[in-house]
Amino acid sequence: MIYKLEKKLYDMKVLILGATGGIGRELAKEFSKDWEVCGTGRNLKVLEELKSKNFLKDYLVADVSKKEDREKIVKFSANKDWVIYSFGL
């Protein structure tokens with residue numbers, strides 16, 4: 001049986017947790033070439049910079065070590081095709 005993909009790979013929406021540094025930041029830059037990228041991180045300045053350079057469509061300032069922020073992240077991740085965990089604890 002052959003399944004037809006509903007979305008093409010270039011139509012994907014991805015959320016990167018930890019988009020403000022290291023691997024997460026570089027993934028945001030790379031994926032933004034073909035995908036709609038949203039990111040989270042603790043550093044508002046870096047998130048704003050990434051958005052101003054069109055690497056992020058949207059962002060959420062959040063700290064995964066805080067329960068209330070994790071709840072916000074769950075809501076923010078709605079209707080994303082991929083969620084990438086790229087943060088250090």
Side-chain angles (χ1 to χ4, degrees):
M1 183 180 271
I2 298 174
Y3 293 95
K4 184 176 179 183
L5 291 174
E6 291 181 28
K7 287 188 165 189
K8 296 187 173 145
L9 287 177
Y10 58 83
D11 286 336
M12 296 288 176
K13 295 178 183 177
V14 64
L15 172 61
I16 300 174
L17 306 180
T20 56
I23 294 170
R25 185 177 183 151
E26 294 306 312
L27 288 173
K29 291 177 181 179
E30 190 62 31
F31 289 157
S32 68
K33 294 175 184 174
D34 297 311
W35 293 1
E36 180 180 298
V37 179
C38 297
T40 70
R42 295 177 295 183
N43 190 325
L44 174 61
K45 183 178 178 183
V46 174
L47 290 168
E48 289 174 338
E49 173 192 335
L50 289 168
K51 185 168 183 184
S52 72
K53 293 180 179 178
N54 295 318
F55 296 130
L56 295 179
K57 180 173 176 82
D58 198 8
Y59 62 83
L60 174 69
V61 178
D63 184 341
V64 296
S65 69
K66 297 179 181 175
K67 183 180 179 183
E68 61 273 6
D69 284 0
R70 289 192 303 269
E71 292 170 357
K72 291 177 188 175
I73 291 168
V74 169
K75 291 178 184 174
F76 190 63
S77 66
N79 53 8
K80 305 296 187 288
D81 299 300
W82 296 91
V83 177
I84 298 173
Y85 300 88
S86 180
F87 53 83
L89 296 174

- Message: If the test is side-chain contact (heavy atoms from CB on, under 4.5 Å), which one of T40, L17, V74 qualifies with V83?
- Response: L17
- Message: Suppose the criterion is salt bridge (Lys or Arg N to Asp or Glu O under 4.0 Å): which pairs have a residue in residues 55-65, not counting sequence neighbours?
- Response: none
- Please list all pairs passing the salt bridge (Lys or Arg N to Asp or Glu O under 4.0 Å) test where one or both residues lie in residues 64-78, with sequence neighbours left out. D69-K72
Interatomic distance, [X] atom [atom1] to [Y] atom [atom2] [nearest 0.5 angstrom]:
X   : Y   : atom1 : atom2 : answer
F87 : S65 : CZ    : OG    : 9.5 Å
N79 : C38 : CG    : SG    : 9.0 Å
I84 : I16 : CD1   : CD1   : 5.0 Å

- Message: Please list all pairs meeting side chain to side chain donor-acceptor pair (under 3.5 Å) that have one or both residues in residues 45-55, counting only residues at least two apart or in different chains.
- Response: R25-E49, E49-K53
- Query: What residues form a side-chain contact (heavy atoms from CB on, under 4.5 Å) with T20, not counting sequence neighbours?
  - Reply: N43, V46, L47
- Message: If you count heavy atoms of other groups shown closer than 6.0 angstrom to CG of L44, is the number above 12?
- Response: yes
- Same cluster or not: are Y85 and L60 linked, directly or through other Ile, Leu, Val, Met, Phe, Trp or Tyr residues, by side-chain heavy atoms under 4.5 angstrom apart? yes
- Query: Of all residues at least two apart in sequence or in a different chain, which pass the salt bridge (Lys or Arg N to Asp or Glu O under 4.0 Å) check with K80?
  - Reply: none
- What residues, two or more places apart in sequence or in another chain, satisfy ring-ring contact (aromatic ring centres under 6.0 Å, His included) together with F31? W35
